Participant: 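I'd like to ask some things about the structure below.
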Amino acid sequence: MNENKISVRYAKALVMAAENNKLLPQVATDMVEIDNLCRNSDDFTVFLQSSVIKTSLKVSVLTDIFNKKVQPLTLNFLILLAQNHRESKLPDICRDFNDMYREKQGIASVVITTSFKLTDEIRKNISQFLQVKTGKKIELSEKVNPDIVGGIILRIGDLQYDGSIANQLRKIRENLIRKEIFDISNK
């Protein structure tokens with residue numbers, strides 16, 4: 001089975017359960033915290049991926065870590081993952097859940113890459129422009145990459161617009177190479 005399908009299926013089931021119990025915002029908060037733990041704790045990630053640790057011990061540890069820190073629905077979901085031997089998929093499930101939640105809230109996740117740090121005014125103008133264009137609230141994150149020379153790379157979900165100078169120079173170089181090859185072959 002496609003690994004991605006597993007995480008999407010579990011994330012969708014958790015979204016539905018949270019909606020049915022009118023706990024979606026609270027469970028979303030839990031999943032952000034769990035995602036942060038997965039990203040920032042190598043020990044937790046190793047624990048999740050270990051096939052040596054027995055399921056009963058994993059359930060016990062997950063309960064100890066998350067009891068009274070997350071919604072009971074979220075804790076039961078984590079226990080279900082461990083019992084179904086899907087706990088290693090937790091980081092992917094968190095990502096998919098958070099994407100689904102943002103979509104339901106009308107939030108577009110945008111990553112903008114520039115060669116310099118954006119000013120508050122530029123960041124605000126970009127967010128407002130994208131909000132008008134997409135009709136969604138914008139959740140903007142930034143990356144600085146001096147290698148793009150100038151311009152911007154904009155990623156909205158799975159779509160990417162590369163307006164960097166480095167990309168434009170690459171295209172010019174490729175066109176010149178094609179033109180040379182074409183000219184040589186016509187002689």
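Values in this document were obtained by computation on a predicted structure and should not be read as measured data. Throughout, numbering of the chain's residues begins at 1 and tracks the sequence.
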Participant: Check the hydrophobic clustering (I, L, V, M, F, W, Y; side-chain heavy atoms under 4.5 Å; chains of links allowed) and say if V15 and L90 are grouped together.
Facilitator: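 Hydrophobic grouping puts V15 with L90.
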Participant: Taking the side chain from R102 and the backbone from N98, do they hold a donor-acceptor pair closer than 3.5 Å?
Facilitator: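 It does hold such a pair.
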Participant: What verdict does the side chain to side chain contact (heavy atoms under 4.5 Å, CB included) test give for V70 and V27, after you've listed the backbone C-alpha separation in whole Å, the side-chain angles of each residue and the deciding distance to 0.1 Å?
Facilitator: CA-CA 8 Å; V70 298; V27 172; over 6 Å; no
Participant: Holding to salt bridge (charged side-chain N to carboxylate O under 4.0 Å, His left out), I want the full list of residues that pass it with R95, two or more places apart in sequence or in another chain.
Facilitator: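 For R95, the residues satisfying salt bridge (charged side-chain N to carboxylate O under 4.0 Å, His left out) (neighbours in sequence not counted) are D92.
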Participant: Could you state whether I165 and L176 fall into the same hydrophobic cluster, counting links through intermediate Ile, Leu, Val, Met, Phe, Trp or Tyr residues with side-chain heavy atoms under 4.5 angstrom apart?
Facilitator: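 No, separate clusters.
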Participant: Atom CG of L140 and atom CG of L118: how far apart are they, to the nearest 0.5 Å?
Facilitator: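 If we round to the nearest 0.5 Å, L140:CG and L118:CG are 7.5 Å apart.
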Participant: Please tabulate, for the side chains in residues 43-53, all donor-acceptor contacts under 3.5 angstrom to protein atoms that are two or more places apart in sequence or on a different chain.
Facilitator:
unit_1 : atom_1 : unit_2 : atom_2 : d
T45    : OG1    : C38    : O      : 3.0
T45    : OG1    : S41    : O      : 3.1
S50    : OG     : V52    : N      : 3.2
S50    : OG     : I53    : N      : 3.4

Participant: Go through the structure and list residues passing side chain to side chain contact (heavy atoms under 4.5 Å, CB included) with A11, not counting sequence neighbours.
Facilitator: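 A11 satisfies side chain to side chain contact (heavy atoms under 4.5 Å, CB included) with I93, D96, F97, M100 once adjacent residues are dropped.
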Participant: Roughly how far, to the nearest 0.5 Å, is CG of L81 from CG of L62?
Facilitator: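 Between atom CG of L62 and atom CG of L81 there are 8.5 Å.
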Participant: Between Y10 and R86, is the side chain to side chain contact (heavy atoms under 4.5 Å, CB included) condition met? List the steps.
Facilitator: CA-CA 9 Å; Y10 275 92; R86 300 293 193 202; 3.4 Å; yes
Participant: Any chance you could pull the hydrophobic cluster mates of I153, using side-chain heavy atoms under 4.5 angstrom and chaining through other members?
Facilitator: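 Via sub-4.5 Å side-chain contacts, I153 links to I148.
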Participant: Identify the two heavy atoms, one from K22 and one from Q26, that lie closest to each other, and give their separation to 0.1 Å.
Facilitator: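 Answer, listing the atom of K22 first, then Q26: O-OE1, 4.1 Å.
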Participant: Could I get the full list of side chain to side chain contact (heavy atoms under 4.5 Å, CB included) partners for N67, not counting sequence neighbours?
Facilitator: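 So N67 forms a side chain to side chain contact (heavy atoms under 4.5 Å, CB included) with T63, L75.
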Participant: Give a yes or no on whether V59 and L57 share a hydrophobic cluster (residues Ile, Leu, Val, Met, Phe, Trp, Tyr; joining criterion: side-chain heavy atoms under 4.5 Å apart).
Facilitator: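 Per the 4.5 Å side-chain linkage, V59 and L57 are co-clustered.
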Participant: Of the non-hydrogen atoms in I156 and A108, which two are nearest, and what is the gap between them?
Facilitator: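 The answer is CG2-CB, 4.4 Å.
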Participant: Can you tell me which residue pairs pass the salt bridge (charged side-chain N to carboxylate O under 4.0 Å, His left out) test with a partner in residues 118-134, sequence neighbours excluded?
Facilitator: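 For residues 118-134: D120-R123, R123-E142.
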Participant: Treating Ile, Leu, Val, Met, Phe, Trp and Tyr as nodes and any side-chain heavy-atom pair under 4.5 angstrom as an edge, say whether I152 and F116 lie in one connected cluster.
Facilitator: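 Result: yes, single cluster for both.
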Participant: Return the minimal non-hydrogen interatomic distance between C94 and I34, and the atom names on each side.
Facilitator: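 So the two residues come closest at SG-CG2, 3.7 Å.
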Participant: If only atom types and distance count, is the side chain of N20 paired as donor or acceptor with the main-chain N or O of M16 below 3.5 Å?
Facilitator: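 Checked: pair present.
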Participant: Quick one: do F66 and L78 satisfy side chain to side chain contact (heavy atoms under 4.5 Å, CB included)? Show the steps, please.
Facilitator: CA-CA 9 Å; F66 294 108; L78 295 173; 3.5 Å; yes
Participant: With sequence neighbours excluded, tell me which residues meet side-chain hydrogen bond (donor to acceptor under 3.5 Å, both in side chains) with D162.
Facilitator: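 By the side-chain hydrogen bond (donor to acceptor under 3.5 Å, both in side chains) rule, D162 matches S164.
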Participant: Please identify each residue that fulfils side chain to side chain contact (heavy atoms under 4.5 Å, CB included) with T29, with sequence neighbours left out.
Facilitator: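 With sequence neighbours excluded, T29 shows a side chain to side chain contact (heavy atoms under 4.5 Å, CB included) to no residue whatsoever.
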Participant: Carefully, step by step, assess K136 and E103 under the rule side chain to side chain contact (heavy atoms under 4.5 Å, CB included).
Facilitator: CA-CA 9 Å; K136 296 182 177 187; E103 182 67 30; 3.3 Å; yes
Participant: So how far is it from K137 NZ to I107 CD1, rounded to the nearest 0.5 Å?
Facilitator: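 The distance works out to 5.0 Å.
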Participant: Roughly how far, to the nearest 0.5 Å, is NZ of K143 from NZ of K117?
Facilitator: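 The distance works out to 15.0 Å.
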Participant: With rounding to the nearest 0.5 angstrom, report the CD1 to CD1 distance, I138 to I112.
Facilitator: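 If I round to the nearest 0.5 Å, the distance is 11.0 Å.
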Participant: Between the main-chain N or O of L23 and the side-chain N or O of N21, is there a donor-acceptor pair closer than 3.5 Å?
Facilitator: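 Checked: no pair found.
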Participant: Hey, could you give me the OH/CG distance between Y161 and N167, rounded to the nearest 0.5 Å?
Facilitator: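 CG of N167 is found 9.0 Å from OH of Y161.
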Participant: If you group Ile, Leu, Val, Met, Phe, Trp and Tyr whenever their side-chain heavy atoms sit less than 4.5 Å apart, what else falls in with V144?
Facilitator: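 The other cluster members (ILVMFWY side chains, heavy atoms under 4.5 Å, direct or chained): none.
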Participant: Got a sec, which residues hit side chain to side chain contact (heavy atoms under 4.5 Å, CB included) with E33, two or more places apart in sequence or on another chain?
Facilitator: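 Testing E33 for side chain to side chain contact (heavy atoms under 4.5 Å, CB included), a comparison that skips the adjacent residues, returns N36.
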Participant: Partners of D35 by salt bridge (charged side-chain N to carboxylate O under 4.0 Å, His left out), sequence neighbours excluded?
Facilitator: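 Once residues adjacent in sequence are excluded, the partners of D35 under the salt bridge (charged side-chain N to carboxylate O under 4.0 Å, His left out) criterion are R39.
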Participant: Suppose the criterion is salt bridge (charged side-chain N to carboxylate O under 4.0 Å, His left out): which pairs have a residue in residues 52-74, not counting sequence neighbours?
Facilitator: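 Every pair satisfying salt bridge (charged side-chain N to carboxylate O under 4.0 Å, His left out) with a residue in residues 52-74: K58-E87.
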